[in-house]
Amino acid sequence: MKKLTPLCFLLFFGWSHLGAQDLEIRYDVVFDTLGYFYKGKKIDRPKVRKNANIRLKIINYNDYIVQAQVVPENLSYDIAPISGGGITSLLNFSNDALGSMGGLMPMPITNENYSIPIPGGGSSATGGSTDNHGTNTGKSDEEDEFGFGTSTTASSLSVNKRAEITSAINSLNRLEDQLVSSNAKILDNMNSLSLIQVTEKQIKQMLQNPAIPVESIKRISKELIEMTFQLDEGESLDPKKAISFSNTFQGQVRIDLVNLMQAQDEYLEHVVGLDALTNGVISSLNISNTADLALKKSIENTMGKARTQALLTEENVKRSEALMTMISTGDFQSSITNLYLKYVELEEHPFEYNFMTQGQDDEMDLKIQLFQKDSTGEVKVGALPIKERKINVAVAGGIKINASVGLGFSQYFKTPQLYFVQQDTIRSEDGDQFLPMVTTMLHFYPQTIGSVSAGGAFGVGFPITGENKSLAFFLGPTLIFGKQQRIILSGGMMGGQVKRLSKGFKAGDYFPDSGGDIPTKNAYDLGYFLSITFNLNSL
């Protein structure tokens, strides 16, 4: 058999080195993904040295609706281990949203406050073209720009009377433009207040939706609030701007209400004037005359629109007054304050959960549990987790000691001799080249993470064959293989007893056959060994 010495030196290789820096684990709640980082670099599986820090960071963690809990468990093995739509869809609220404004909800238009006469029955005629107010002018292709026809049928009106009525209609149309503009401002104010309410509602809904990533919640909420406070692009909200918006909005509502009432009064005054001017005119018009027919339609359309505008304006005055009452209370200011505080809160809120522990024993299990919060923001007693995730972390470092048993092969540096007497002379011959032994070993090694651990071993062997049945002692390096490390390869120095001539005799000396037994003694000698053993704890 060849010398075993080269194999013994190979046992020193295979050491897995791991530094003592912290391990960082990142768990994404929304996407249910894990990432492991060591020394700032991403690694495939979590591993850490014993007593080093394990930092667990739970991201995309919406703690408005869930509460996290991390339960660490140390494991010691008997076997020593080494949305589509974006902002536009969120703001696409309908009249249902305005319904939440209570007194600001549009009311049915009735004729309780105004009774505007419409000459000739007040029904709108159809046909002809329309002017820039959407009014049917009743012009035919034969009429001039003033509505005077080219028909030769005689008219019942004088030229002056016709011009006076036409001028009154044009003045009323101009006042109608001002009234429409004032009404539009009232609606804008109502929409601004509705936007405040909708923004609060939308942010609350997003925070209650576990499927929305927190970065989207923060971004969309910020855009909504900045839009509500009418900030320019890139402008940030601060307390002064929030207060300024509140004061400006309240002042603007007052101004727009006054302007609307003034426009209403002036408009109604002209409506009454036009009604007086056209009193009895329609019935006297000659409808066979093209100009008279056009004038009749113009008067009827104008008075019909006037009645509708007056009623709509009256309703908007009521809404604006209700709006004034609402923004004068503490509820409005509270909504403004809450939106600003939510803006700051979401800007600074980390949406993370951090947990730190230390690597202990052979492995660690980190069990992440997520519990649903109720409407009060608390977790009910005895509630079961809605989501669980377990992370297994391999731990390295510290000295492990284990025992094993198996088969070993040993060889002395100097081949053992067998002595006998032949022709009255002491003779010797080589004994066995190597000795198979039942081997039991005690292994001590630093805990590592890889599939091979390296350390040292001390043990004893019991020879299976041969004349020498004395114990042998082993000392040397050892390699432990596999995740469960059941198989162990050891080698190194061996010390055992061999027979040597005593009393000064040596091979070749004269020794008569009648001299008795050859004087020998048991002496310890050195050699080397190689053993394959199995971890006792795994058997």
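Because only heavy atoms are used, hydrogens play no part in the values below, and waters and symmetry mates are left out as well, while side chains stay in.
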Just by modelled atom types, is the [Y] backbone N or O under 3.5 Å from a matching donor or acceptor in the [X] side chain?
X: Glu226; Y: Ser236; answer: no
X: Lys218; Y: His349; answer: yes
X: Asp374; Y: Gly377; answer: yes
X: Asp28; Y: Phe31; answer: yes
X: Tyr353; Y: Tyr61; answer: no
X: Asp275; Y: Val271; answer: no
X: Ser181; Y: Asp177; answer: no
X: Ser221; Y: Ile217; answer: yes
X: Ser194; Y: Met190; answer: no
X: Ser320; Y: Asn316; answer: no

Close side-chain approach of [X] to [Y], heavy-atom, < 4.5 Å:
X: Leu530; Y: Leu489; result: yes
X: Val180; Y: Gln309; result: yes
X: Asp365; Y: Val393; result: no
X: Ser182; Y: Gln262; result: no
X: Lys305; Y: Leu172; result: no
X: Gln333; Y: Gln250; result: yes
X: Asn170; Y: Arg174; result: yes
X: Leu346; Y: Leu207; result: yes

Least distance between heavy atoms, [X] atom then [Y] atom:
X: Phe332; Y: Ile327; answer: CB-CA, 3.6 Å
X: Val30; Y: Ala211; answer: CG1-O, 3.8 Å
X: Tyr38; Y: Asp22; answer: CD1-O, 3.8 Å
X: Leu442; Y: Ile401; answer: CD1-CG2, 3.9 Å
X: Thr533; Y: Gly406; answer: CG2-N, 3.5 Å
X: Leu237; Y: Lys241; answer: CD1-CB, 4.0 Å

Exercise for review: Decide side-chain contact (heavy atoms from CB on, under 4.5 Å) for Leu339 and Phe245; before the verdict, give the C-alpha distance in whole Å, the side-chain angles of both, and the deciding distance to 0.1 Å.
Suggested key: CA-CA 12 Å; Leu339 270 185; Phe245 170 81; over 6 Å; no
Donor + acceptor pair across side chains of [X], [Y] (<3.5 Å):
X: Tyr27; Y: Asp32; value: yes
X: Asn173; Y: Thr302; value: no
X: Glu321; Y: Thr325; value: no
X: Glu314; Y: Gln264; value: yes
X: Gln252; Y: Asp256; value: yes
X: Thr478; Y: His443; value: yes
X: Ser531; Y: Thr439; value: no

Review point. Between Val253 and Phe249, is a side-chain contact (heavy atoms from CB on, under 4.5 Å) present by the stated rule, with each step listed?
Key: CA-CA 6 Å; Val253 170; Phe249 181 71; 4.0 Å; yes
Inspect the surroundings of [atom1] in [X] and state if more than 12 heavy atoms from other residues, nucleotides or ligands are less than 6.0 Å away.
X: Ile532; atom1: CD1; result: no
X: Lys373; atom1: NZ; result: yes
X: Lys387; atom1: NZ; result: yes

Exercise for review: Determine, for Arg319 against Glu315, whether the closest basic-nitrogen to carboxylate-oxygen distance falls under 4.0 angstrom.
Suggested key: no
Rounded distance [0.5 Å steps], [atom1] in [X] versus [atom2] in [Y]:
X: Thr199; Y: Ile220; atom1: OG1; atom2: CD1; value: 12.0 Å
X: Ser404; Y: Ile488; atom1: OG; atom2: CD1; value: 4.0 Å
X: Ile212; Y: Asn60; atom1: CD1; atom2: CG; value: 11.0 Å
X: Gln358; Y: Met364; atom1: CD; atom2: CE; value: 9.0 Å
X: Gln369; Y: Ile386; atom1: CD; atom2: CD1; value: 11.5 Å
X: Met206; Y: Leu224; atom1: CE; atom2: CG; value: 5.5 Å

Practice item. Can you spot which of Glu24, Lys57, Arg55 makes a side chain to side chain contact (heavy atoms under 4.5 Å, CB included) with Met356? Key: Arg55
Review point. Looking at Ile58, Ile25, Val29, which hits side chain to side chain contact (heavy atoms under 4.5 Å, CB included) with Ile368?
Key: Ile58
Practice item. Please step through side-chain contact (heavy atoms from CB on, under 4.5 Å) for the pair Gln205 and Lys201, ending with a clear verdict. Key: CA-CA 6 Å; Gln205 289 177 343; Lys201 182 178 179 181; 3.4 Å; yes
**Study point:** Aromatic contact, Phe229 with Tyr343 (centres under 6.0 Å)
**Key:** no
Point to revise | Steps toward side-chain contact (heavy atoms from CB on, under 4.5 Å) verdict (Phe351, Asn62) | key: CA-CA 6 Å; Phe351 287 101; Asn62 188 347; 4.0 Å; yes
